[in-house]
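All remarks here apply to the structure that follows.
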Amino acid sequence: IAMALACQPKLLLADEPTTALDVTLRGQILDLLAGLQKKNGMAVLMITHDLNLVRRFADRVIVMENGHIVEQGVVSDVFAHPQHSYTRRLIDSKPVRDVTERAPAAAEPAVLQARALRVGYSIPRPGFKGWFKRGEFVAVQGADFDVQAGQTLGVMGESGSGKSTLALAALGLLPFSGELQVTGQAWGLSSASNKSLRRVVQVVFQDPFSSLSPRLTVEEIVGEGLLVHEPALTQAERRVHVAQALLDVGVGVDLDQAQFGGLLQRYPHEFSGGQRQRLAIARALIVKPRVLVLDEPTSALDVTIQKQVLQLLQRLQRERGLSYLLITHDVDVIRAMAHQVVVMKDGYIVESGPADRVLDAPEHEYTKTLLAAAD
């Protein structure tokens, strides 16, 4: 923003300026832009798929579909009385909760369990003391949580609260202290002992464009896990598994073969963001995991595609009994997906409990602040 305003422009083009930010930072950026706009008399052209941002910041709105402007007008008028079917579809794209509300049996063990989980990073110390000993930054401290079979644990918090570090530890990708068990087994110190657990826990990242290798075809990307966990499969057998995984995530329906002929031999850049995220989910599911770590799985998608991906995840959870560890700053996604919620701040879990209780009757002041910023 400082670079863009250095020459005191009359027009600022803001292209998705808050997409990757948590709700409190998003509010701070909007307040900053509004203040600078008023101070400098600057016009702002904001491109976004965040409807709440449009409601809060914009005076007028233009709705585009397939390169055409289909509707425009004053924000309050367009949102209150949308005329075009596409505008109505955008406004009605709020995530819908469609999950099994089954309570876990008392004796049923958690699929993923953490007790007193602690993760620290080595950092340089200032001054001459740093010559002899490095310091430590503790990103997660004393975290306790359970992910039950067929349920979703939502993790909320600002940037830097420790959410992503918690996810990486759950994946066995960071050294940690404390107790972390997957299906009753602890992550081991050797890669060989972890191999079976890595099949049980898979991950879907925030940005499918950067998480999918641009040098690999769809067949190679989706089937990569089988090379590790089922090396005895022939190429023909592996291709059958890949095709089935793509059908399971709706790719066979979503992508017209007439438009995407030779689907398995195409590359990620040839697909839209929503289609790429389906490919990422297929890559995770092909090894038949029990737990998916979902790290901001919809924040890079527009609202209609976000709704479709969440419906896909909900369907897969119902059909396969999958458990999700959902990392997100989107309260609407938490409401739609989570059975249990933990709220993190500065590496600590400050509040936890059933989703309806935490979201509708929060006890901690930080949770109240997060929820207020999301409105």
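We're numbering straight along the sequence, starting at 1.
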Could you pull out the closest heavy-atom pair between Tyr86 and Val63, with the gap in Å? CD2-CG1, 3.7 Å

Between Asp98 and Arg318, is there a side-chain N and carboxylate O pair less than 4.0 Å apart? yes

Is the side chain of Glu363 donor-acceptor paired with the backbone N or O of Lys368 at a distance under 3.5 Å, no angle test? no

Output side-chain donor-acceptor pairs under 3.5 Å for residues 240-248, partner residues at least two apart or in another chain, one line each.
unit_1	atom_1	unit_2	atom_2	d
Gln244	NE2	Asp248	OD1	2.9
Asp248	OD2	Arg320	NH2	2.6

Determine, stepwise, if the pair Glu158 / Tyr366 fulfils side chain to side chain donor-acceptor pair (under 3.5 Å). CA-CA 10 Å; Glu158 295 176 297; Tyr366 178 69; 3.2 Å; yes

For the residue pair Gln340 / Ser352, report whether a side-chain donor-acceptor contact shorter than 3.5 Å exists. no

With the threshold set at 4.0 Å, does a side-chain nitrogen-carboxylate oxygen contact exist between Asp77 and Arg60? no

Do you know the tightest heavy-atom contact between Glu219 and Gln265? OE1-NE2, 2.8 Å

Step by step, work out the salt bridge (Lys or Arg N to Asp or Glu O under 4.0 Å) result for Arg115 and Asp146. CA-CA 9 Å; Arg115 293 292 180 268; Asp146 296 301; 3.0 Å; yes

Taking side chain as C-beta onward, heavy atoms only, is Leu11 less than 4.5 Å from Met42? no

Would you call Val138 and Val119 a side-chain contact if the rule is heavy atoms closer than 4.5 Å? no

For the side chain of Ser323 and the backbone of Gly150, is there at least one donor-acceptor N/O pair under 3.5 Å apart? yes

Going through the checks in order, is the side chain to side chain contact (heavy atoms under 4.5 Å, CB included) test met by Met156 and Val341? CA-CA 7 Å; Met156 296 171 54; Val341 175; 3.8 Å; yes

Contact summary for Phe176 and Ala169, nearest pair of heavy atoms: CE2-O, 4.2 Å

Donor-acceptor pair, Glu270 side chain versus Tyr267 backbone, under 3.5 Å? yes

Whether Arg125 side chain and Gly135 backbone form a donor-acceptor pair below 3.5 Å: no

If you apply the rule side chain to side chain contact (heavy atoms under 4.5 Å, CB included), what do you find for Trp187 with Glu179, and how did you get there? CA-CA 9 Å; Trp187 285 108; Glu179 181 182 342; over 6 Å; no

hydrophobic_cluster_shared for Val61 and Phe57, side chain cutoff 4.5 Å: no

Flag yes if Leu13 and Leu33 sit in one hydrophobic cluster, no otherwise; membership is Ile, Leu, Val, Met, Phe, Trp, Tyr, and two members link when side-chain heavy atoms are under 4.5 Å apart. no

With a 4.0 Å cut-off on N to O distance, would you call Lys345 and Glu365 a salt bridge? no

Donor-acceptor contact below 3.5 Å, side chain Asp144 vs main chain Ala116: yes

Just verifying a value: how many Å separate Gln141 CD and Ile349 CD1, rounded to the nearest 0.5 Å? 11.5 Å

Any side-chain heavy-atom pair from Val155 and Leu166 closer than 4.5 angstrom? yes

CA sep, side-chain torsions, deciding dist, call: Glu220, Glu224, side chain to side chain contact (heavy atoms under 4.5 Å, CB included): CA-CA 6 Å; Glu220 292 169 330; Glu224 189 173 18; over 6 Å; no

With a sphere of 6.0 Å drawn around CD of Gln235, does it hold more than 12 non-hydrogen atoms of other residues, nucleotides or ligands? no

Measuring only between side-chain heavy atoms, which start at C-beta, is Arg278 closer than 4.5 Å to Leu312? yes

Can you see which heavy atom on Pro268 is nearest to which on Ser213, and at what distance? CG-O, 3.5 Å

Please answer whether the main-chain N or O of Leu212 pairs with a side-chain N or O of Arg283 as donor and acceptor at a distance below 3.5 Å. no

Over all heavy atoms of both residues, which pair between Ile327 and Ala167 is shortest? Give the atoms and the distance, please. CG1-CB, 4.0 Å

Report yes or no: does Asp302 contribute a side-chain atom to a donor-acceptor pair with the main-chain N or O of Ile305 at less than 3.5 Å? yes

Using side chain to side chain donor-acceptor pair (under 3.5 Å), reason through Gln306 and Ser93 one step at a time and then give a plain yes or no. CA-CA 8 Å; Gln306 178 191 74; Ser93 292; over 6 Å; no

Are Leu30 and Leu51 connected in the hydrophobic side-chain network, where two residues link if heavy atoms are under 4.5 Å apart? no

More than 12 foreign heavy atoms under 6.0 Å from CD of Gln8: is that the case here? no

Just so I know, are the side chains of Ile62 and Met64 near enough to count as touching, which here means a heavy-atom distance under 4.5 Å? yes

Ignoring hydrogens and angles, tell me if any N or O in the side chain of Gln151 forms a donor-acceptor pair with the backbone of Val147 under 3.5 Å. no

For Phe137, check side-chain contact (heavy atoms from CB on, under 4.5 Å) against everything at least two apart and list the hits. Tyr121, Ile123, Ala139

Using atom types as modelled, flag every donor-acceptor pair under 3.5 Å from a side chain in residues 284-297 to any protein atom, sequence neighbours excluded.
unit_1	atom_1	unit_2	atom_2	d
Glu296	OE1	Thr328	OG1	3.3
Glu296	OE2	His329	N	3.2
Glu296	OE2	His329	ND1	3.0

Are Leu263 and Ile221 linked, directly or through other ILVMFWY residues, by side chains that come within less than 4.5 angstrom of each other? yes

Least distance between heavy atoms, Ile334 atom then Gly154 atom: CD1-CA, 3.7 Å

Ion pair Asp356/Arg335, N-O distance below 4.0 Å: no

Looking at Arg238 and Glu230, is there a salt bridge between them, counting it only when a charged N and a carboxylate O are closer than 4.0 Å? no

With a 4.0 Å cut-off, would you call Glu65 and Arg89 a salt bridge? yes

Below 4.5 Å, heavy atoms only, C-beta onward: do Thr298 and Leu310 meet side chain to side chain? yes

Say whether, by atom type as modelled, one donor and one acceptor occur between the side chain of Glu71 and the main chain of Ile69 under 3.5 angstrom. no

Looking at Ser272, is its backbone amide N or carbonyl O close enough to the side chain of Gln275 to form a donor-acceptor pair, meaning the two atoms are under 3.5 Å apart? yes

Looking at Asp332 and Arg97, is there a salt bridge between them, counting it only when a charged N and a carboxylate O are closer than 4.0 Å? no

